[in-house]
Amino acid sequence: MAIETNAMFKLSYGLFVLTAREGTKDNGCIINTAMQVTSSPQRILICVNKGNYTHDMIIRTGMFNVSVLTEKTPFSVFQHYGFQSGRDTDKFADNAGVRSENGICYVPEYSNALISGKVISTTDCGTHTIFVADVTEAKVLSEDPSVTYTYYFANIKPKPQPKEEKKKGYVCKICGYVYEGEELPPDFICPLCKHGAADFEPL
């Protein structure tokens, strides 16, 4: 049976900053899977790529925070937490961050909620690990709507600029005049500097 991978993009995803602390090291990454699994007791589930340093910190410490990002989140936040590794970069070097009761930083400026978790079980999913956690703290930070994956791609992530078609022609090496065309006539004379075809080169 055929599997169209883009069918997965029809599922609804949010975007979150997942943060952890180990010793004196703070770190965070972007995830798109965080959900409530039970209300009594309050439990949540997160799914984290094993390549993320935050993943390894949670494996060792069993604690994390989820900052629920809003539609007002600028692209720079996704760049900061998602496009570089905490193994090489101190993501909280310029910002000590605001800490929840568990001592872990979170991102209040662009989040509408904070949820803190204490891991009670893990499931190995190959490239990712699913963490199920008891909620130890949860609070509403704003009424701004949560950002979805769809909204991020449509309104936040910069659109790729169309490539300009490379013009076909010749440029005068003396003055920079550009002759547009497939072939430069052998008797062509530059209208600006009056040099001949020998002083032109392809663009």
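- With Phe131 as the fixed residue, the side-chain contact (heavy atoms from CB on, under 4.5 Å) test singles out one of Leu45, Ile44, Ile59, Leu18: Ile59.
- Contact annotation: the side chain of Ile30 approaches that of Leu15 to within less than 4.5 Å [non-hydrogen atoms, C-beta and beyond].
- The structure places OG of Ser142 at 11.0 Å from CD of Glu109, a figure rounded to the nearest 0.5 Å.
- A continuous path of hydrophobic side-chain contacts links Val48 to Val68 [ILVMFWY only; heavy atoms under 4.5 Å].
- A distance of 7.0 Å separates CG of Asn27 from OG of Ser85, quoted to the nearest 0.5 Å.
- For an aromatic pair to be called close, the ring centres must be under 6.0 Å apart, and Phe188 with Tyr179 satisfies this.
- The shortest non-hydrogen separation linking Ile58 to Ala20 is CG1-CB, 3.9 Å.
- When the shell of 6.0 Å around CD of Gln79 is examined, it contains more than 12 heavy atoms from other residues, nucleotides or ligands.
- Taking 4.5 Å as the limit, some side-chain heavy atom of Cys105 sits within range of a side-chain heavy atom of Phe92.
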Is there a side chain to side chain contact (heavy atoms under 4.5 Å, CB included) between His128 and Thr33 once you walk through the steps?
CA-CA 11 Å; His128 290 62; Thr33 307; over 6 Å; no
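- Each of Thr19, Asn65, Thr136 was scored for a side-chain hydrogen bond (donor to acceptor under 3.5 Å, both in side chains) with Ser100, with one residue passing: Asn65.
- Using a 4.5 Å heavy-atom threshold, the side chains of Val119 and Thr61 count as separate.
- Atom CG of Asn52 sits about 14.0 Å away from atom OH of Tyr81, to the nearest 0.5 Å.
- Contact between Pro185 and Ala197 at its shortest, heavy atoms only, is O-CB, 3.8 Å.
- Using a 4.5 Å heavy-atom cutoff, the side chains of Tyr110 and Pro74 are in contact.
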Using side chain to side chain contact (heavy atoms under 4.5 Å, CB included), reason through Met63 and Ile104 one step at a time and then give a plain yes or no.
CA-CA 8 Å; Met63 303 286 288; Ile104 299 172; 3.8 Å; yes
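- Annotation for Lys10: atom NZ does not count as buried by contact number, only 12 or fewer foreign heavy atoms lying within 6.0 Å.
- With rounding to the nearest 0.5 angstrom, the CD atom of Glu183 is 5.5 Å from the OH atom of Tyr170.
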Side-chain donor-acceptor contacts of residues 146-153 below 3.5 Å, not counting sequence neighbours, with atom names and distances?
unit_1: Ser146; atom_1: OG; unit_2: Asn112; atom_2: ND2; d: 2.9
unit_1: Thr148; atom_1: OG1; unit_2: Tyr151; atom_2: N; d: 3.0

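- Nearest heavy-atom pair, Ser111 versus Thr70, reported as atom, atom and distance to 0.1 Å: C-CG2, 3.7 Å.
- Annotation: Phe16 is not in aromatic contact with Phe64 [ring centroid separation under 6.0 Å not met].
- Note that CG of Asp199 is 10.0 Å distant from CD of Glu201, once rounded to the nearest 0.5 Å.
- For the salt bridge (charged side-chain N to carboxylate O under 4.0 Å, His left out) condition, the pairs that include at least one residue of residues 128-149, sequence neighbours left out, are Arg43-Asp134, Lys72-Asp144.
- Applying the side-chain contact (heavy atoms from CB on, under 4.5 Å) test to Ile3 and every residue at least two apart in sequence or in another chain returns nothing.
- Considering only heavy atoms from C-beta on, Thr129 stays 4.5 Å or farther from Thr123 through its side chain.
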Would Arg99 and Tyr106 count as a side chain to side chain contact (heavy atoms under 4.5 Å, CB included) here? Give the steps.
CA-CA 6 Å; Arg99 298 186 187 278; Tyr106 63 101; 5.8 Å; no
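- Ile46 CD1 to His55 NE2: the interatomic distance, rounded to the nearest 0.5 Å, is 9.0 Å.
- Side-chain contact between Val66 and Leu114: absent, with no pair of heavy atoms (C-beta onward) separated by less than 4.5 Å.
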Would you sort out whether Lys50 and Asp124 count as a salt bridge (charged side-chain N to carboxylate O under 4.0 Å, His left out), showing the intermediate values?
CA-CA 10 Å; Lys50 291 178 181 178; Asp124 189 326; 2.8 Å; yes
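- Under a 4.0 Å N-O distance rule, the pair Glu180/Lys168 does not qualify as a salt bridge.
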